[in-house]
Protein chains: 2
Amino acid sequence: MTLAQPEARPYHHGDLSRALVEAARRILETDGPAALSLRAVAREAGVSPAAPYHHFKDKGQLLDAVAHEGWVALDAALMKARQDSDDDRRRMTNLGVAYVTFARDNPALYRVMYDCSRDKDALPDQMKEEGAYCQVRNTIAHAAGDGVSEIDLELATIAAWCAGHGLAEMSGFKQFESLKALLGGEEAFLKAVFDHLGMFAKFDRG
Amino acid sequence: MTLAQPEARPYHHGDLSRALVEAARRILETDGPAALSLRAVAREAGVSPAAPYHHFKDKGQLLDAVAHEGWVALDAALMKARQDSDDDRRRMTNLGVAYVTFARDNPALYRVMYDCSRDKDALPDQMKEEGAYCQVRNTIAHAAGDGVSEIDLELATIAAWCAGHGLAEMSGFKQFESLKALLGGEEAFLKAVFDHLGMFAKFDRG
DNA sequence: CATGTTATCTAAGCGTTGTTCAGATGGATC
DNA sequence: GATCCATCTGAACAACGCTTAGATAACATG
């Protein structure tokens with residue numbers, strides 16, 4: 001993370017677009033999503049409130065850029081989790097745990113990622129080609145073998161993704177704290193829930 | 001739905017709290033969550049912008065009231081779905097379909113429900129006692145029989161709930177439209193995804 | 001019935017937000 | 001060196017959440 005904070009103040013501010021996105025992520029991490037106003041971002045970047053409009057059409061477009069960075073980071077996290085495991089079933093669970101962990105570690109960013117995806121015609125790029133979504137599908141495909149149909153594969157991926165997203169959003173609910181403690185921590189809790197989801201039921205049975 | 005819209009304008013406006021919540025739901029349904037400002041609610045209810053503050057501490061508390069109505073409505077929807085089915089497994093699927101359908105039919109309200117629950121110490125009442133959450137747990141308990149432990153039951157409920165919530169949030173993504181059409185409609189799509197989730201894997205195997 | 005108390009509502013205002021626009025600034029091009 | 005164009009600023013607008021002071025009407029008490 002190369003923070004280019006208040007290092008003097010250049011003439012025209014070399015690369016504002018990037019500085020703005022970084023400022024946004026900084027605010028997001030420290031003060032939460034509620035504090036993420038365009039003016040605050042401009043303030044953090046050290047420019048006037050109108051400056052961002054020369055780089056982004058509106059606030060939404062800035063958030064889109066932030067969200068995109070989030071998807072890239074999630075991509076990397078899933079890639080790492082997939083490579084760190086050998087067994088098919090464990091790989092699937094690890095993928096799920098990595099997904100939820102990412103959401104838990106970057107809650108505000110995760111929120112922005114989905115808020116931006118909603119009400120858009122297409123899914124974010126990262127869920128289409130070479131992205132996180134495909135990583136999940138490929139993992140499932142590898143585990144399921146050749147006998148699985150294209151439709152079943154797609155459905156299983158969607159099911160797994162929805163389960164992960166649901167758990168990612170809800171695992172922060174404080175009502176679950178006691179259960180987590182009972183199971184021995186966050187990760188044990190996540191694994192237990194994923195185990196009960198039985199994403200592989202379809203293929204285990206058939 | 002007894003709308004008490006512009007029927008003259010009383011002296012002190014008989015029951016503003018209720019009128020405000022109804023106005024909020026009306027705005028939510030027609031203009032979406034982005035248009036839901038306190039001032040807009042007051043306008044819709046025909047009172048001054050400051051009037052709501054005599055009934056709700058702040059905007060968040062108004063949304064809490066709206067969210068509460070949402071949970072009650074979801075409760076009823078799940079109750080109906082549970083009674084309309086006899087077989088255990090089908091009952092579980094129907095419950096899931098009813099849940100997601102509710103979210104799809106009231107997307108803005110559903111959003112408010114979860115936005116209000118987040119960052120709160122406790123889950124909403126409706127997820128605790130006699131509420132939707134318990135309906136799911138009871139259904140699972142009935143299907144699983146006596147041999148299931150308390151922890152497994154809780155985990156299975158959480159798993160099912162997360163899957164439902166995830167699908168509820170994502171089933172609106174337009175990227176899935178083609179798959180939905182291929183499967184023959186929204187409900188067929190939902191059932192297919194739930195089938196691939198295999199919520200009962202744990203009990204089917206054991 | 002007159003009086004005072006209390007709940008409710010309005011009017012006006014503060015600080016903040018997203019966004020626009022006219023004008024200043026300065027790097028790049030001829 | 002004059003011109004051009006991207007970039008940035010300052011000021012402004014409407015709308016927002018929220019507060020305060022004061023009006024209004026229901027209610028309770030004498």
Side-chain angles (χ1 to χ4, degrees), chain A residues 4-28 30-67 108 111-112 115-116 118-119, chain B residues 4-28 30-67 108 111-112 115-116 118-119:
Chain A
Q5 219 154 358
E7 50 179 45
R9 49 201 74 176
Y11 24 77
H12 257 197
H13 199 303
D15 185 0
L16 227 195
S17 326
R18 176 144 215 95
L20 287 172
V21 174
E22 284 172 2
R25 289 196 59 173
R26 231 175 297 140
I27 293 174
L28 222 42
T30 59
D31 299 333
L36 189 65
S37 68
L38 235 188
R39 292 177 109 105
V41 173
R43 223 175 293 139
E44 171 83 16
V47 295
S48 85
Y53 286 90
H54 295 267
H55 299 266
F56 301 98
K57 186 177 137 271
D58 54 15
K59 183 184 179 184
Q61 208 163 86
L62 207 198
L63 293 189
D64 283 345
V66 175
R111 195 91 41 92
V112 170
D115 284 347
C116 285
R118 228 187 310 265
D119 307 330
Chain B
Q5 218 154 359
E7 48 178 46
R9 50 202 73 177
Y11 25 76
H12 257 197
H13 198 304
D15 185 1
L16 227 196
S17 326
R18 177 145 216 93
L20 287 172
V21 174
E22 284 172 1
R25 291 196 58 174
R26 230 175 299 141
I27 293 174
L28 224 42
T30 59
D31 299 332
L36 190 65
S37 68
L38 237 187
R39 292 174 110 105
V41 172
R43 223 176 295 138
E44 169 83 16
V47 295
S48 85
Y53 287 91
H54 294 266
H55 300 266
F56 302 97
K57 184 177 140 272
D58 53 16
K59 183 184 179 183
Q61 209 164 86
L62 208 198
L63 293 188
D64 282 346
V66 174
R111 195 94 39 93
V112 170
D115 283 346
C116 285
R118 229 188 310 267
D119 307 329

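Just so it is clear, the model here is predicted, and its values are computed rather than measured. For the numbers below, each heavy atom of this structure counts, side chains included, while hydrogens, waters and symmetry mates do not. The chains referred to below are lettered A, B, ... by the order of the sequence lines, with proteins before strands, and numbering in each begins at 1.
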Without decimals, in angstroms, what is the distance between [X] [atom1] and [N] [atom2]?
X	N	atom1	atom2	result
B:L38	D:dT19	CG	P	11 Å
B:K59	C:dT16	NZ	C1'	14 Å
B:E44	D:dA15	CD	P	17 Å
B:L63	D:dG17	CG	C1'	12 Å
B:R39	C:dT16	CZ	P	15 Å
A:Q61	C:dG18	CD	C1'	15 Å

May I ask you to test the B:D115-B:L63 pair for a side-chain heavy-atom distance under 4.5 Å?
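The answer is no, as the side chains (C-beta and beyond) never meet within the 4.5 Å cut-off.
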
For a 4.5 angstrom cut-off between non-hydrogen side-chain atoms, does B:V21 reach B:S17?
no

Straight-line distance of [X] [atom1] to [Y] [atom2], nearest 0.5 Å:
X	Y	atom1	atom2	result
A:L20	A:R25	CG	CZ	14.5 Å
B:K59	B:L36	NZ	CG	5.5 Å
B:D15	B:E22	CG	CD	8.5 Å
A:L16	A:H55	CG	NE2	4.5 Å

Give the residues of residues 49-58 of chain A touching DNA chain C, defined as any heavy atom closer than 4.0 Å, sorted by residue number.
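Close to the strand are A:P49, A:A50, A:Y53, A:D58.
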
I want to check one thing: is the phosphate of C:dT16, taken as OP1 and OP2, less than 4.0 Å away from some side-chain N or O of A:R43?
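No, A:R43 has no side-chain N/O under 4.0 Å of OP1/OP2 on C:dT16.
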
In terms of heavy-atom contacts, B:A23 and B:V41 come closest through CB-O, 3.9 Å

Closest heavy-atom contact between A:Q61 and A:K57?
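For A:Q61 versus A:K57, the nearest heavy atoms are OE1-N, 3.0 Å.
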
Taking any heavy-atom pair under 4.0 Å as a contact, classify A:S48: base, sugar-phosphate, or nothing.
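Answer is base: heavy atoms of A:S48 come under 4.0 Å of a base.
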
As a quick check of understanding, evaluate side-chain contact (heavy atoms from CB on, under 4.5 Å) for B:F56 and B:D64, giving each step before the final call.
CA-CA 10 Å; B:F56 302 97; B:D64 282 346; over 6 Å; no

Using Watson-Crick and G-U wobble pairs whose two distances are both under 3.5 Å, how do you write the pairing of DNA chain C as dot-bracket, with | for links to another strand?
||||||||.|||||||||||||||||||||

